[in-house]
Student: 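One structure coming up, written as structure tokens, with questions to follow.
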Amino acid sequence: MGPSGGGKTTLLHLIARFWDIQSGCIHIGGIDIRDMRMDTLMKYISVVFQDVYLFNDTIVNNIRFGRPEATLEKVIAVAKAARCHEFITAHPGGYDTMVGEGGSTLSGGEKQRISIARAILKDAPIVLLDEATSSIDPENEADIQAALRALAVNKTLIIVAHRLSTIQHADQIAVVDQGRIVQRGTYDELFLEEGLYKRFWMERSRAQQWRLISADEADAATIISNKS
């Protein structure tokens, strides 16, 4: 976690080798990723990014993208885990519904849930999540968090999140600012020390207490203030 522009998403892009690093190295299983073929590297990694791109194909084929041999029963199972089975079956074509170029016929939340289903189906040992719940409505967020916890079993998850609740139970939290890791530890460890992480939590806690008030409430508050 960290402020916007701090370098969080850049780190994920470097791990997936969308860009190459200019110094240092990134190892997976002791092997420098620059020594791997891209198709080999992609077998180890699933990505769920904030800006989800879907192919102009059916929903079932978009979910199968990382594992084209998967049966329809398996696709339905992961769709249910990612909480997208209900909206898929609401379409007249069901799983054979065409999504349009880039997934233009679906909402942002629907595309993101299909992306999560695709990652669950691929079952890669490393999962990169960049704001994976950013387009999920509050009613479905708890279900998606449960799906992500199921996805995390026996895997390495690297998560970028602005919703700090998303990473509260992470084994390790890295606070990134201006391209550098400025803090590292568990939630309890970071909350006990002064720094960027604790300031973020305090600011979010205060923001959650804000509420809109009616004109009548505002007038009443003004009257009370004037009397005092």
Side-chain angles (χ1 to χ4, degrees), residues 1-36 38 40-52 82 112 115-116 119-120 122-136 138 141-142 144-209:
M1 57 79 63
S4 297
K8 304 181 300 297
T9 298
T10 297
L11 286 174
L12 298 191
H13 286 174
L14 292 173
I15 294 169
R17 209 182 168 194
F18 297 155
W19 306 324
D20 264 336
I21 56 176
Q22 296 176 322
S23 62
C25 56
I26 299 172
H27 287 170
I28 293 178
I31 301 174
D32 192 315
I33 63 173
R34 290 169 294 185
D35 295 331
M36 294 182 182
M38 278 302 298
T40 301
L41 177 60
M42 287 299 100
K43 289 179 181 178
Y44 289 105
I45 294 175
S46 291
V47 296
V48 181
F49 284 165
Q50 184 173 1
D51 297 321
V52 176
Q112 213 153 35
S115 181
I116 292 171
I120 296 173
K122 185 177 179 181
D123 198 27
I126 300 170
V127 183
L128 308 180
L129 301 171
D130 188 1
E131 291 294 336
T133 60
S134 63
S135 298
I136 304 299
E141 185 177 2
I144 293 298
Q145 294 290 359
L148 292 176
R149 286 194 294 272
L151 173 62
V153 175
N154 297 323
K155 294 180 176 63
T156 296
L157 262 69
I158 303 176
I159 304 171
V160 168
H162 284 103
R163 295 182 183 181
L164 299 185
S165 58
T166 304
I167 58 173
Q168 183 172 349
H169 301 292
D171 297 306
Q172 182 176 203
I173 299 171
V175 184
V176 179
D177 188 22
Q178 298 182 12
R180 296 180 178 275
I181 295 177
V182 295
Q183 288 180 281
R184 182 185 295 175
T186 65
Y187 164 78
D188 291 332
E189 291 168 344
L190 292 176
F191 197 76
L192 290 175
E193 66 180 55
E194 295 301 324
L196 190 58
Y197 185 82
K198 186 173 182 178
R199 291 202 301 272
F200 263 60
W201 261 112
M202 300 303 291
E203 290 171 5
R204 295 302 166 90
S205 296
R206 285 194 294 268
Q208 289 174 352
Q209 296 173 8

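Keep in mind the model is a prediction, meaning the values are calculated, not measured. Heavy atoms only: backbone and side chains are in, while hydrogens, waters and symmetry mates are out.
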Student: Are Phe49 and His13 close enough, and set up right, to give a side chain to side chain contact (heavy atoms under 4.5 Å, CB included), and what steps lead you there?
Tutor: CA-CA 10 Å; Phe49 284 165; His13 286 174; 3.6 Å; yes

Student: How long is the span from the CG atom in Leu157 to the OG atom in Ser46, to the nearest 0.5 Å?
Tutor: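 Going from the CG atom of Leu157 to the OG atom of Ser46 covers 9.5 Å.
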
Student: Check whether Lys122 reaches the backbone of Ile45 with its side chain - one donor and one acceptor, N or O, closer than 3.5 Å.
Tutor: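 Side chain of Lys122 to backbone of Ile45: a pair is present.
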
Student: Ignoring hydrogens and angles, tell me if any N or O in the side chain of Lys43 forms a donor-acceptor pair with the backbone of Ala124 under 3.5 Å.
Tutor: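 Such a contact is absent between Lys43 side chain and Ala124 backbone.
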
Student: Is the number of heavy atoms from other residues, nucleotides or ligands within 6.0 Å of CG (Asp171) greater than 12?
Tutor: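 No, the 6.0 Å shell around CG holds no more than 12 heavy atoms from other groups.
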
Student: Just wondering, more than 12 heavy atoms not from Phe191 lying within 6.0 Å of its CZ?
Tutor: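 Buried by this count: over 12 neighbours within 6.0 Å.
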
Student: Of all heavy-atom pairs between Leu190 and Tyr197, which one has the smallest distance, and what is that distance?
Tutor: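 Here Leu190 and Tyr197 meet closest at CB-CD2, 3.5 Å.
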
Student: Going through the distances and angles, do Asp123 and Lys155 end up as a salt bridge (charged side-chain N to carboxylate O under 4.0 Å, His left out)?
Tutor: CA-CA 9 Å; Asp123 198 27; Lys155 294 180 176 63; 2.6 Å; yes

Student: Is there a side chain to side chain contact (heavy atoms under 4.5 Å, CB included) between Glu193 and Gln183 once you walk through the steps?
Tutor: CA-CA 10 Å; Glu193 66 180 55; Gln183 288 180 281; 2.7 Å; yes

Student: Could you tell me which non-hydrogen atom of Pro3 sits nearest to which non-hydrogen atom of Val176, and how far apart they are?
Tutor: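 Shortest heavy-atom separation between Pro3 and Val176 comes out as CD-O, 3.4 Å.
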
Student: Kindly indicate whether the side chain of Ile21, heavy atoms from C-beta on, has any atom under 4.5 Å from the side chain of Ile26.
Tutor: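 They are in side-chain contact.
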
Student: What is the minimum heavy-atom distance between Ala16 and Leu41, and which atoms define it?
Tutor: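 For Ala16 and Leu41, the tightest heavy-atom pair comes out as O-CD2, 3.7 Å.
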
Student: In Å and rounded to the nearest 0.5 Å, what is the CG to CZ distance from Leu128 to Phe18?
Tutor: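 Spacing of CG (Leu128) from CZ (Phe18) equals 7.5 Å.
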
Student: Are side-chain heavy atoms of Arg17 and Met36 found at a separation under 4.5 Å?
Tutor: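 Arg17 vs Met36: side chains apart.
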
Student: Any non-hydrogen side-chain atom of Met1 less than 4.5 Å from a side-chain atom of Phe200?
Tutor: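 When only atoms from C-beta onward are counted, Phe200 and Met1 do touch, with a gap below 4.5 Å.
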
Student: Would Val47 and Leu129 count as a side chain to side chain contact (heavy atoms under 4.5 Å, CB included) if you check the C-alpha gap in whole Å, the side-chain angles of each, and the deciding distance to 0.1 Å?
Tutor: CA-CA 6 Å; Val47 296; Leu129 301 171; over 6 Å; no

Student: Could you please spell out the steps behind the salt bridge (charged side-chain N to carboxylate O under 4.0 Å, His left out) verdict for Arg180 and Asp177?
Tutor: CA-CA 5 Å; Arg180 296 180 178 275; Asp177 188 22; over 6 Å; no

Student: Could you walk me through whether Ile173 and Thr186 pass the side chain to side chain contact (heavy atoms under 4.5 Å, CB included) test, one step at a time?
Tutor: CA-CA 6 Å; Ile173 299 171; Thr186 65; over 6 Å; no

Student: How close do Asp35 and Ile31 get, counting heavy atoms only, and between which atoms?
Tutor: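 Looking at all heavy atoms of both residues, the shortest contact is CB-CG2, 4.5 Å.
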
Student: Measure the CG-CG distance between Leu14 and Leu11 for me, rounded to the nearest 0.5 Å.
Tutor: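 It is 6.5 Å, given to the nearest 0.5 Å.
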
